[in-house]
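Taking it in order: structure first as structure tokens, then the write-up.
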Amino acid sequence: MAPSSQALFGAELIATVNYLSVPPGTPDLNLSFINSKAFSDPSFHACVRLQKFAQTSALSFVPPDGNFVLMEYQVSHSTIAKGSTAMSSGGLQNQMLNFVPLILKPKIEVGEKGGSFTFTVTPRSGSEQLKHRMGVENVVISLSLDSDAIGAFCTTSFNSGGQGFGGSRDREREERAAGVWAWEPNEKTLRWTIPSLSAPSASSIWTLKGTWTSTEQVPRPSRSIVMRFQTPHMLFSGIKVDQLKMASEMYKPYKGVKIASKATVEWRW
């Protein structure tokens with residue numbers, strides 16, 4: 001992604017269906033999906049009947065006990081928009097941009113034997129997370145510095161956009177909300193971790209400022225900054241579980257579905 005234009009250069013969506021089962025007997029299950037035509041290049045657990053999936057795009061199987069990956073798949077570029085009302089037309093890159101909840105604006109200056117940087121993070125106006133007041137978790141922003149980097153020093157800050165409670169307790173909350181930074185000398189990488197962005201306001205601002213030193217006369221930090229995050233209770237693909245049917249057993253199964261999405265965004269500066 002380019003910070004100046006906020007345009008995606010490319011996008012790829014990979015998903016898994018994890019299954020937890022401790023069933024009595026040998027239930028014969030049929031799991032169907034909404035927007036199943038978006039499945040691309042799927043792979044299956046050995047218990048799945050492949051011919052049945054080829055005919056109906058549903059998973060027919062007798063599950064073994066325990067926790068296992070039932071299915072892995074990619075999402076078809078041509079069909080993803082049709083199955084998700086949240087996505088607009090215009091290609092997978094533009095569609096996936098709706099699910100990038102944050103904007104990163106980096107400013108990096110390279111000098112003699114080191115440099116300085118400022119990272120500013122704000123919520124993306126129009127993102128699905130902000131639109132539906134959904135939180136974002138485990139945000140990790142990483143920058144690989146040059147191979148001769150020997151250290152870094154940073155400060156973090158958070159501005160809630162005027163929605164704080166005031167007083168020392170609010171300052172403590174904002175310090176925690178600003179996240180923590182770490183210098184990893186073995187990987188020559190700077191990491192900024194923000195554990196939770198719980199339904200941020202559109203005017204919230206997170207900032208990381210710092211400097212680094214190097215034995216190299218003219219350091220060469222990486223031209224890309226990597227952001228990773230999780231969004232619980234939301235799927236990027238538009239594929240949803242439709243229903244689970246059981247045969248060969250008399251009891252009614254407990255059916256619970258938990259969804260979450262993880263993303264990695266690479267920002268070029």
Side-chain angles (χ1 to χ4, degrees), residues 8 11-23 27-64 66-102 124 126-138 197-199 228-247 252-265:
L8 279 174
E12 183 180 32
L13 202 160
I14 301 173
T16 62
V17 178
N18 297 303
Y19 190 90
L20 174 61
S21 172
V22 191
D28 196 328
L29 303 178
N30 189 83
L31 181 63
S32 58
F33 300 88
I34 297 172
N35 194 31
S36 59
K37 291 183 179 180
F39 288 138
S40 177
D41 194 23
S43 61
F44 307 94
H45 188 272
C47 67
V48 175
R49 301 180 178 101
L50 301 183
Q51 185 174 359
K52 184 72 171 180
F53 179 83
Q55 295 171 348
T56 65
S57 297
L59 300 179
S60 175
F61 60 102
V62 176
N67 191 351
F68 60 94
V69 176
L70 183 63
M71 177 185 182
E72 293 182 308
Y73 60 91
Q74 297 184 26
V75 177
S76 168
H77 292 203
S78 60
T79 59
I80 187 171
K82 299 178 183 178
S84 174
T85 57
M87 292 184 180
S88 61
S89 59
L92 181 63
Q93 285 88 340
N94 292 333
Q95 297 156 20
M96 290 304 298
L97 191 60
N98 295 334
F99 292 97
V100 178
L102 303 170
R124 176 186 294 281
S127 73
E128 293 300 314
Q129 292 90 336
L130 189 64
K131 193 182 303 181
H132 298 290
R133 301 292 294 170
M134 288 187 172
V136 181
E137 298 179 353
N138 300 322
L197 283 64
S198 179
R228 293 182 172 86
F229 64 88
Q230 299 178 17
T231 302
H233 317 303
M234 175 178 283
L235 290 178
F236 299 163
S237 66
I239 298 173
K240 300 178 181 179
V241 171
D242 182 19
Q243 59 181 341
L244 176 67
K245 295 181 179 180
M246 184 179 70
K252 292 184 178 181
Y254 169 76
K255 297 175 286 187
V257 178
K258 182 179 180 180
I259 62 175
S261 294
K262 299 179 181 180
T264 299
V265 182

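Between Asn138 and Phe229, the closest side-chain pair of non-hydrogen atoms is not below 4.5 Å. Side-chain contact between Leu70 and Leu59: present, with at least one pair of heavy atoms (C-beta onward) separated by less than 4.5 Å. Residues Met71 and Pro42 form a side-chain contact, since some pair of their non-hydrogen atoms from C-beta on lies under 4.5 Å apart. The closest side-chain heavy-atom distance from Asn35 to Lys240 is not below 4.5 Å. At least one side-chain heavy atom of His45 sits less than 4.5 Å from a side-chain heavy atom of Pro64. Looking at heavy atoms from C-beta onward, Asp41 lies out of side-chain contact with Tyr73 at the 4.5 angstrom threshold.
To the nearest 0.5 Å, atom CD of residue Glu72 and atom OG of residue Ser43 are 4.5 Å apart. Ser40 OG to Ile14 CD1: the interatomic distance, rounded to the nearest 0.5 Å, is 10.5 Å. To the nearest 0.5 Å, atoms CD1 (Ile259) and CG (Leu235) are separated by 4.0 Å. Atom-to-atom distance recorded for Ser57:OG and Asp242:CG is 12.0 Å, nearest 0.5 angstrom. Atom-to-atom distance recorded for Leu29:CG and Lys245:NZ is 12.5 Å, nearest 0.5 angstrom. Rounded to the nearest 0.5 angstrom, Glu137 CD and Gln230 CD are separated by 6.5 Å.
Using bins of under 30°, 30° to 60° and over 60° for the plane-to-plane angle, the ring pair Tyr19/Phe68 lands in the tilted bin.
Within the 3.5 Å criterion, the main-chain N or O of Ala58 finds a donor-acceptor partner in the side chain of Thr56.
Contacts of Arg228 classified as side-chain contact (heavy atoms from CB on, under 4.5 Å), with partners at least two apart in sequence or in another chain: Val226, Thr264. Scored by the side-chain contact (heavy atoms from CB on, under 4.5 Å) test, Asp28 finds Arg49, Ser60, Val62, Ala247, Ser248 as partners (sequence neighbours excluded). Remark: Leu20 pairs with Asn67 by the side-chain contact (heavy atoms from CB on, under 4.5 Å) rule, at least two apart or across chains.
Listed here is the closest heavy atom pair of Pro63 and Pro27: CD-O, 3.4 Å.
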Evaluation steps, side-chain contact (heavy atoms from CB on, under 4.5 Å), between Ile239 and Ile34: CA-CA 6 Å; Ile239 298 173; Ile34 297 172; over 6 Å; no
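Gln51 CD: 12 or fewer foreign heavy atoms inside a 6.0 Å radius.
Centroid-to-centroid, the aromatic rings of Phe44 and Phe61 stay 6.0 Å apart or farther.
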